[in-house]
Amino acid sequence: MKKITYFDVIVVGGGHAGAEAAAAAARMGAKTALITHSISKIGEMSCNPAIGGLGKGHLVREIDALDGIMGQSIDKSGIQFRMLNSSRGPAVRGPRAQADRKLYKNSIQKILFNQKNLSIIEETIEDLIIDKNKVCGVITHKLKKMHCRSLVLTTGTFLRGQIRIGKNSYPAGRLGDKSSINLAKKIESLKFSIGRLKTGTPPRIYKQSINFNDLEEQTPDKNPVPFSFINKFIHIPQISCFITHTNNKTHKIIKNNIHLSPMYSGQIMSMGARYCPSIEDKINKFSDKRSHQIFLEPEGLDNNIIYPNGISTSLPENIQENFIRSIKGLENAIIIKPGYAIEYDFVNPQELYHTLETKKIDNLFFAGQINGTTGYEEAAAQGIIAGINSALKLSNNRKFIIDRSDGYIGVLIDDLVTRGTNEPYRMFTSRAEFRLVLRADNADQRLTPLGIKTGCVSRFRENIFNYKINKLKKDFSMVKSKSISPNKLNKLGIPINHDGKKRSAFELLSFNNIGFDDIVKIWPEMGLIDNESREQIIIESQYAGYLKRQRDDIDDFKKDEQLTLPNNLDYKYVGSLSNEIVEKLSLIKPPTLGAASRISGITPAAIIALLRHVRRQKNNKEA
Amino acid sequence: MVKKQDTIYALSTPPGKSAIAVVRISGSKALDYIKKISSSMPTKPNTSTLNKLITKTGDVIDQTITTYYKAPKSFTGEDMVEISMHGGNAVINKFIDVFKKNKKTRLAEPGEFTRRSFENNKLDLTQVEAISDLVNAETEYQRKQAHSQLEGNLTLKTKEIYSELTNVLANIEAMIDFADEELPTDLLNNIKEQIENISNEIYNILSKNSKGRKIREGFIVGIIGKTNTGKSSFINNVSNQEIAIVSNKPGTTRDAIESYIDIRGLPVRFFDTAGIRKHRNTVEKIGIKKSKEISKEADLNLVFLNKSSEIDDFKNVSNPIFIQSKYDIRKKPTTINDITNISSKNNYGIKSLLNRIFHQLSDKNFTENTYISRERHIECLKNTIKYLEKSKQKKNYDVFSEDIRLAIKEISKIYGKTDIENILDIIFSDFCIGK
């Protein structure tokens with residue numbers, strides 16, 4: 001008799017979504033398998049060697065708050081930490097770090113190999129075992145059956161991936177890796193609505209062939225701030241990046257050869273991201289711009305490859321070399337790997353619930369680029385949510401959903417499943433309507449308690465978190481309890497209006513001319529408050545008015561989110577809804593009135609009709 | 001199981017005897033039901049037929065003109081039937097009786113047709129308001145204003161400001177989310193300039209459009225002066241000459257006699273404070289206090305004098321027109337500047353005084369479109385301005401953008417809501433973004 005292999009959770013794919021999903025499911029206590037076609041490539045950075053950035057940095061912090069592995073790994077491999085937007089306000093600060101590709105991958109692999117409950121298997125998946133709209137296993141290339149309770153697919157760009165360089169075109173998931181055609185066919189046969197997206201990557205350049213002498217240098221932050229809340233310091237040496245620019249000559253070469261780019265010759269019809277355009281697009285669409293900047297990013301400390309960020313291209317290799325050599329510092333550049341465009345299948349994310357389980361097939365989860373996103377951080381964020389929920393399937397149907405007022409992860413998933421996407425979706429801080437509250441600096445305060453409750457946070461982190469929260473509470477109550485009159489303040493040499501109003505240390509910090517040092521002068525015991533607490537106290541004090549309003553808005557938002565719409569609601573009978581809106585709502589099945597209001601094309605009037613309907617239902621039930 | 005939205009009906013013309021009465025029926029069952037009691041129902045949408053309504057027992061209710069509108073091309077956006085019948089009480093009652101027996105339909109609640117029209121996206125909020133104004137319009141200027149709002153002019157104007165603000169927000173967001181990109185160096189200055197321009201635009205609308213509200217609710221003209229100066233006679237004269245407006249507009253109740261009059265299309269409310277003493281026999285002090293309150297609020301004050309020397313007693317009155325009445329018995333006109341001579345007895349000077357009131361109330365920019373007419377609109381615009389002013393203070397980008405976001409939320413309350421995708425669309429079409 002054939003031996004049957006069983007896992008609680010099987011994760012297919014070893015990219016950033018798969019790694020986070022497998023780690024999370026295993027932390028939840030599920031017997032988990034991560035299946036990848038190549039163990040050595042787990043945690044590979046297929047595109048640019050960096051983690052974080054604006055909006056993305058928030059995601060990494062939030063993943064970390066749920067005890068994910070991305071933050072810890074970049075802290076062990078970051079070679080240029082920079083806090084972006086540091087002068088533009090705490091809410092929009094974005095931690096970012098250049099990574100040493102190899103160190104990063106090693107760190108991810110080390111964590112996964114040491115993770116309890118997790119088996120890592122090198123195999124290719126050819127088919128899914130599905131019984132009555134419920135997934136119950138996979139069939140591998142070696143025609144082995146593996147059974148599972150839930151399955152997480154994180155196939156990245158491998159679903160019918162097609163690489164294009166100039167006129168050349170061949171199937172591949174990534175340069176040098178085969179694409180998954182059978183799996184794509186299977187997903188299609190399950191009647192998922194499938195679209196096609198495009199992304200691209202620049203050529204890689206041999207470091208020794210670049211002349212850095214006259215290039216603008218971008219230095220790392222003096223005091224690198226770690227991503228992970230459990231780390232206090234960064235121990236990796238920090239190095240610089242360099243900036244150069246395209247010029248007239250570059251633009252001319254590209255313009256003259258634009259017909260050779262598959263995007264302009266009509267070969268590529270799929271949609272690419274507007275915020276990550278190829279150099280061909282930049283020059284064509286913004287022809288009045290004389291020059292575009294290029295960041296020359298090292299791929300590692302002892303690595304000879306430079307990633308020229310800003311010139312992703314799919315022109316033929318010889319043209320790539322031509323235009324690159326027209327750029328300052330790159331006159332003698334040697335290309336190690338050419339840039340290319342890749343097209344791949346994605347599933348319309350409106351096919352998913354907020355847990356990332358598919359609506360069509362029970363216990364089947366999708367995470368990462370398969371859902372139409374781009375970026376390691378976006379992928380990892382979905383991975384951790386899919387991983388947690390796939391493990392929760394073992395228990396009593398609990399769900400783990402982060403909503404838009406809890407974090408960027410909530411914004412990301414809600415955007416995807418309620419609105420769908422027609423270009424690779426990337427996180428921006430402007431997507432978060434509660435941005436002032438959802439800061440990178442307080443991601444742990446927002447999410448770690450939710451993670452502890454659901455069981456995805458280790459005891460180690462829980463202890464660190466509890467210690468920090470208790471300390472914060474104590475410090476906040478200290479600065480709020482002590483107060484002083486204007487009279488006394490003026491005597492101490494701190495000018496303030498003589499309005500006779502006593503103010504607490506917390507209130508005083510909202511004045512522009514009063515800093516924490518002044519507070520310590522008045523109340524020396526507050527000198528004991530550490531920098532971590534100080535930062536939180538100052539932000540809360542200075543933004544008090546804004547934060548209060550936004551928290552009120554969140555209360556309103558939560559009210560709408562509590563108005564649930566039954567899964568089997570027949571929108572035809574709601575009344576006052578146009579056919580188009582009925583169709584949309586029936587397809588997307590928004591779980592709440594709030595989610596319904598965010599679907600594009602749903603009018604305020606339709607929301608009123610839905611609200612009335614929900615209330616009527618509720619009244620009927622109560623009557 | 002939940003029922004689809006009910007089919008509703010109502011008499012749409014006022015009750016009472018008239019040549020024609022109109023009944024409207026709206027909802028999915030409208031056509032079916034009328035068909036059942038019709039001799040020749042229109043079969044094509046948007047057509048009318050001469051149609052007899054007949055009960056089940058063969059009783060003819062009336063000969064009517066029946067019009068059929070097919071969803072969504074109807075006022076409510078649902079299937080609708082409109083029946084014009086003879087406007088006798090018995091006819092209407094018979095019809096309503098027959099309808100009552102039909103369990104699938106019910107009498108519409110007040111405003112329900114318009115509400116359905118709103119819910120079906122046929123009208124936006126400002127247009128719903130305009131319909132109510134149009135139905136209630138009693139003077140020419142009120143009609144014009146309501147009509148302009150119904151045409152969507154208010155929505156258009158607010159959407160214009162909304163889209164300008166959305167552009168501003170997009171630019172700020174670009175500076176935040178694409179801090180590493182090469183954005184135009186003068187972007188911040190442009191943003192500040194745009195905010196200044198938009199603020200000025202809103203201030204401009206607000207300053208002009210206290211007028212819009214006045215047209216909707218009526219201009220206030222105070223009648224003040226000492227006893228026996230001819231105030232009441234004047235009011236009586238004007239009320240008889242001009243069209244008195246019957247209905248009472250909602251507003252603050254005042255202890256004053258009010259006459260609501262249409263002067264060449266302008267709704268004007270005369271407040272005669274003199275009436276107080278006569279009616280209630282209270283102490284004079286209260287009367288004086290009241291008259292001060294009203295004169296302060298008034299757009300114009302008619303100050304009645306016994307003799308020209310009394311002018312000094314009323315120096316502090318705003319927007320005054322000084323009047324000496326009883327010209328018929330005085331015989332001698334007062335020649336001092338700024339004093340108008342009238343006689344309520346023989347109409348001397350009354351017409352020209354009313355002309356003067358009309359011109360003074362309708363002075364600046366009156367021919368231009370007035371966009372806002374309700375307290376609600378003014379409130380939204382004032383809040384928009386509040387946040388724009390706040391955004392001008394020195395601050396971090398994250399709260400700067402929040403101020404603009406809040407301003408946008410306020411302006412869009414007039415008709416709709418904000419969407420982040422709009423903002424990203426603008427960013428990507430305006431700047432070359434992406435490494």
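The figures that follow rest on heavy atoms only: side chains count, while hydrogens, waters and symmetry mates do not. Letters go in sequence order (proteins before strands), and every chain restarts at 1. Here the structure is a predicted model, which means the values were calculated and not measured.
- To the nearest 0.5 Å, the span separating CG on B:Asp398 from OG1 on A:Thr429 amounts to 9.0 Å.
- One distance of note links CZ of B:Arg405 with CD of A:Gln550; it measures 8.0 Å at 0.5 Å rounding.
- Note that the OH atom of A:Tyr546 and the CG atom of B:Leu406 stand 7.5 Å from one another [nearest 0.5 Å].
- Within the model, atoms CD of B:Glu182 and NZ of A:Lys289 stand 4.0 Å from one another, a figure rounded to the nearest 0.5 Å.
- The contact between A:Arg435 and chain B is made entirely by side chain atoms (from C-beta outward), counting heavy-atom distances below 4.5 Å.
- The pair B:Glu173-A:Arg431 fails the salt-bridge criterion, with no side-chain N (NZ, NE, NH1 or NH2) lying under 4.0 Å from an Asp/Glu carboxylate O.
- For A:Arg93, no part lies under 4.5 angstrom from a heavy atom of chain B.
- In this structure, A:Lys56 does not pair ionically with B:Asp177, as no charged nitrogen and carboxylate oxygen lie closer than 4.0 Å.
- At a 4.5 Å heavy-atom cutoff, the contact between A:Ser87 and chain B is made by backbone atoms alone.
- More than 12 heavy-atom neighbours from other residues, nucleotides or ligands sit within 6.0 angstrom of CZ on A:Arg551.
- With rounding to the nearest 0.5 Å, the separation of NZ in B:Lys409 from CG in A:Asp553 is 4.0 Å.
- In this structure, B:Lys29 places its NZ atom where only 12 or fewer heavy-atom neighbours from other residues, nucleotides or ligands lie under 6.0 Å away.
- Considering every non-hydrogen atom in both A:Leu54 and B:Ile176, the closest pair reads CD1-O, 3.0 Å.
- In terms of heavy-atom pairs under 4.5 Å with chain A, the best-connected choice from B:Thr76, B:Asn396, B:Asp403, B:Ile172 is B:Asn396.
- Environment of CG in A:Asn513: crowded, with over 12 heavy atoms of neighbouring residues, nucleotides or ligands closer than 6.0 Å.
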In sequence, state the C-alpha distance, the side-chain angles, and the governing distance for A:Gln542 and B:Val399, and then conclude on side chain to side chain contact (heavy atoms under 4.5 Å, CB included). CA-CA 11 Å; A:Gln542 287 179 346; B:Val399 276; over 6 Å; no
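- Annotation: B:Lys392, atom NZ; neighbour count of heavy atoms from other residues, nucleotides and ligands within 6.0 Å is above 12.
- In B:Gln393, the CD atom is crowded: over 12 heavy atoms of neighbouring residues, nucleotides or ligands sit closer than 6.0 Å.
- For chain A, no part of B:Lys394 is nearby; none of its heavy atoms comes within less than 4.5 Å.
- Residue A:Pro90 touches chain B through both its backbone and its side chain, counting heavy-atom pairs closer than 4.5 Å.
- A:Arg82 touches chain B through its side chain: at least one heavy atom from C-beta onward sits under 4.5 Å away, while N, CA, C and O do not.
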